[in-house]
Number of protein chains: 2
Amino acid sequence: MKNFIANLNKAFESRVRLGIMSLLMVNDFVDFGTLKEQLQITDGNLASHINALEKLHYIEIRKQFVGKKPNTSFAASVEGKKAFSEHLDALEKLINQSN
Amino acid sequence: MKNFIANLNKAFESRVRLGIMSLLMVNDFVDFGTLKEQLQITDGNLASHINALEKLHYIEIRKQFVGKKPNTSFAASVEGKKAFSEHLDALEKLINQSN
DNA sequence: CGTTTTAACTTTGCCGCTCAAAGTACTTTT
DNA sequence: AAAAGTACTTTGAGCGGCAAAGTTAAAACG
């Protein structure tokens, strides 16, 4: 129970990041439009969070064409899943301690 | 499963606030020094987070003397407990969906 | 063709927030 | 008298989220 806060990952503190990762834990390869719609944020905002997560190697990006339209999809990397899992564990400890 | 992010409370996004509230959910009236030690942050930083939580009426402050030393203690208000509980519920939904 | 639309960004810039450090006030201890 | 303890407040740097507007490239439209 010492330093129970230290195990929280800074990268996942924002609601948007939390949302992105939780969607990518369940579904592999969610596309840009779907994420934008689910999270109800602007495309620029989404792009910047995606960019941040990719720089941390927490997600992988796949660009392709679906029919004639460009389509960018994202998946959580092994490293990303591990990091997010650890973050959730830390949160779970807070929750179990608090209610 | 719609807007599962919208139920997260902005006030509890930071690790420090998360830590303060989770401590106050379990123990009523934790004092300044204890919080500072548990969270390992500077006194100024703690004071500002405390101030923010008080402005939201999420915590209550009790000032007294213990022996000859001033002692400030904090407790989660009913409103604060409710808000934090709802935040945790939203987090729990993320977790259960994600692992 | 020229214009408009769509998808996915990038850039810009504001605003708010976190945080450490330093300063303050008041009291106790030495 | 000086130092130390408690609890702040103030200051200021730095980061980070966000919307809005600009960009690119291809597609659809007329």
Side-chain angles (χ1 to χ4, degrees), chain A residues 3 5-24 29-56 58-75 83 87, chain B residues 3-24 29-56 58-75 83 87 90:
Chain A
N3 267 9
I5 282 186
N7 295 326
L8 296 173
N9 189 333
K10 264 229 152 193
F12 303 130
E13 270 184 24
S14 90
R15 19 146 66 55
V16 174
R17 305 265 180 89
L18 230 33
I20 292 171
M21 289 306 292
S22 83
L23 285 169
L24 295 185
F29 290 106
V30 179
D31 68 23
F32 193 92
T34 303
L35 279 182
K36 184 182 156 186
E37 183 191 0
Q38 288 288 314
L39 303 174
Q40 311 216 77
I41 56 180
T42 60
D43 53 355
N45 190 11
L46 175 56
S48 74
H49 282 292
I50 286 291
N51 190 31
L53 290 173
E54 199 218 352
K55 273 184 184 152
L56 293 168
Y58 286 170
I59 62 174
E60 280 153 21
I61 301 183
R62 183 181 64 184
K63 288 173 194 250
Q64 60 182 2
F65 275 78
V66 172
K68 310 235 169 145
K69 292 180 180 173
N71 181 277
T72 306
S73 290
F74 311 99
H87 182 72
Chain B
N3 266 9
F4 52 109
I5 282 186
N7 296 325
L8 296 172
N9 190 333
K10 264 228 153 197
F12 304 130
E13 270 183 25
S14 92
R15 25 152 54 56
V16 175
R17 305 264 181 89
L18 230 32
I20 292 172
M21 289 306 293
S22 82
L23 286 169
L24 296 185
F29 290 106
V30 179
D31 69 24
F32 193 92
T34 303
L35 280 181
K36 184 183 158 188
E37 182 193 1
Q38 288 289 314
L39 303 173
Q40 311 216 76
I41 56 180
T42 58
D43 53 355
N45 191 11
L46 175 56
S48 73
H49 282 293
I50 287 290
N51 190 30
L53 290 173
E54 200 217 351
K55 273 183 185 152
L56 294 169
Y58 285 171
I59 62 174
E60 280 154 21
I61 300 183
R62 181 182 64 183
K63 289 177 193 245
Q64 60 182 2
F65 274 77
V66 173
K68 309 234 171 143
K69 295 179 181 175
N71 181 277
T72 306
S73 291
F74 311 98
H87 182 73

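Note that this is a predicted model, so its numbers are computed, not measured. Numbered from 1 within each chain, the chains take letters A, B, ... in sequence-line order.
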Undergrad: Quick one: side chain to side chain donor-acceptor pair (under 3.5 Å) partners of Glu54(B), sequence neighbours excluded?
TA: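 For Glu54(B) there are no side chain to side chain donor-acceptor pair (under 3.5 Å) partners, ignoring immediate neighbours.
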
Undergrad: What are the bounds, 5' to 3', of the part of DNA chain D that sits under 4.0 Å from heavy atoms of chain A?
TA: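 Going 5' to 3' along DNA chain D, contacts run dG17(D) to dA27(D).
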
Undergrad: Quick one: does Leu35(A)'s side chain get under 4.5 Å of Ile50(A)'s, heavy atoms only?
TA: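 Yes; the side chains approach each other to less than 4.5 Å.
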
Undergrad: Under 3.5 Å, which protein N or O atoms sit close to an N or O of nucleotides 9-12 of chain C? Give each pair with its distance.
TA:
residue: dC9(C); atom: OP1; partner: Lys63(A); partner atom: NZ; Å: 2.2
residue: dC9(C); atom: OP2; partner: Thr72(A); partner atom: OG1; Å: 3.0
residue: dC9(C); atom: N4; partner: Asp43(A); partner atom: OD1; Å: 3.4
residue: dC9(C); atom: N4; partner: Asp43(A); partner atom: OD2; Å: 2.7

Undergrad: Check the distance between dT28(C)'s P and Lys68(B)'s NZ and give it to me in whole angstrom.
TA: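 Rounding to the nearest Å, NZ of Lys68(B) and P of dT28(C) are 6 Å apart.
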
Undergrad: Roughly how many Å is it from CD in Glu37(A) to C1' in dA8(C), rounded to a whole number?
TA: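 Distance, rounded to whole Å: 16 Å.
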
Undergrad: Rounded to whole Å, please give me the gap between CD1 in Ile41(B) and C1' in dT18(C).
TA: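 It works out to 10 Å between those atoms.
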
Undergrad: So, using side chain to side chain contact (heavy atoms under 4.5 Å, CB included) as the criterion, who are the partners of Ala11(A) when residues are at least two apart?
TA: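 Ala11(A) satisfies side chain to side chain contact (heavy atoms under 4.5 Å, CB included) with Asn9(A), Arg17(A), Leu56(A), Tyr58(A) only.
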
Undergrad: Nearest whole angstrom, please: distance from the P of dC17(C) to the CZ of Arg15(A).
TA: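 For the pair Arg15(A) CZ and dC17(C) P, the rounded distance is 13 Å.
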
Undergrad: With a cut-off of less than 4.0 Å, is there a side-chain N or O of Arg17(B) near OP1 or OP2 of dC17(C)?
TA: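 For Arg17(B), the contact criterion (side-chain N or O under 4.0 Å from OP1 or OP2 of dC17(C)) is not met.
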
Undergrad: Which residue, Thr42(A) or Lys69(A), contacts DNA chain D at a nucleotide closer to its 5' end, judged by nearest heavy atom?
TA: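 The 5'-side residue here is Thr42(A).
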
Undergrad: Is any side-chain heavy atom of Leu18(B) closer than 4.5 Å to a side-chain heavy atom of Leu8(A)?
TA: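 Result yes, sub-4.5 Å side-chain heavy-atom pair found.
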
Undergrad: Sequence neighbours excluded, which residues qualify as ring-ring contact (aromatic ring centres under 6.0 Å, His included) partners of His87(B)?
TA: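 With neighbours one apart ignored, the set is Phe12(B).
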
Undergrad: Between Leu8(A) (CG) and dT18(C) (P), how many Å, whole number?
TA: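 Interatomic distance, CG of Leu8(A) to P of dT18(C): 15 Å.
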
Undergrad: More 5' along DNA chain D: Asp31(B) or Phe65(A), using each one's nearest nucleotide?
TA: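 On the 5' side of the pair lies Asp31(B).
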
Undergrad: Name every donor-acceptor pair, under 3.5 Å, that has one atom in a side chain of residues 64-75 of chain A and the other anywhere in the protein, sequence neighbours excluded.
TA:
residue: Asn71(A); atom: OD1; partner: Ser73(A); partner atom: OG; Å: 3.2
residue: Asn71(A); atom: ND2; partner: Asp31(A); partner atom: OD2; Å: 3.2

Undergrad: Residues in side chain to side chain contact (heavy atoms under 4.5 Å, CB included) with Lys10(B), at least two apart?
TA: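 Scan of Lys10(B) (side chain to side chain contact (heavy atoms under 4.5 Å, CB included), adjacent residues dropped) gives Arg15(A), Glu13(B).
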
Undergrad: His49(A) NE2 to dA8(C) P: how many Å, rounded?
TA: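 Rounding to the nearest Å, NE2 of His49(A) and P of dA8(C) are 18 Å apart.
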
Undergrad: With the side chain counted from C-beta on, respond yes when Gln38(A) and Ile5(B) share a heavy-atom pair under 4.5 Å apart, and no when they do not.
TA: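 Side-chain contact under 4.5 Å: no.
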
Undergrad: Gln40(B) CD to dT18(C) C1': how many Å, rounded?
TA: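 Distance, rounded to whole Å: 17 Å.
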
Undergrad: Do His49(B) and Leu39(B) make a side-chain contact, defined as non-hydrogen atoms from C-beta onward lying under 4.5 Å apart?
TA: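 They are not in contact (no side-chain heavy atoms under 4.5 Å apart), so the answer is no.
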
Undergrad: Starting from the 5' end of DNA chain C, give me the residue, Ala52(B) or Pro70(B), whose nearest nucleotide shows up first.
TA: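 Between the two, 5'-proximity favours Ala52(B).
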
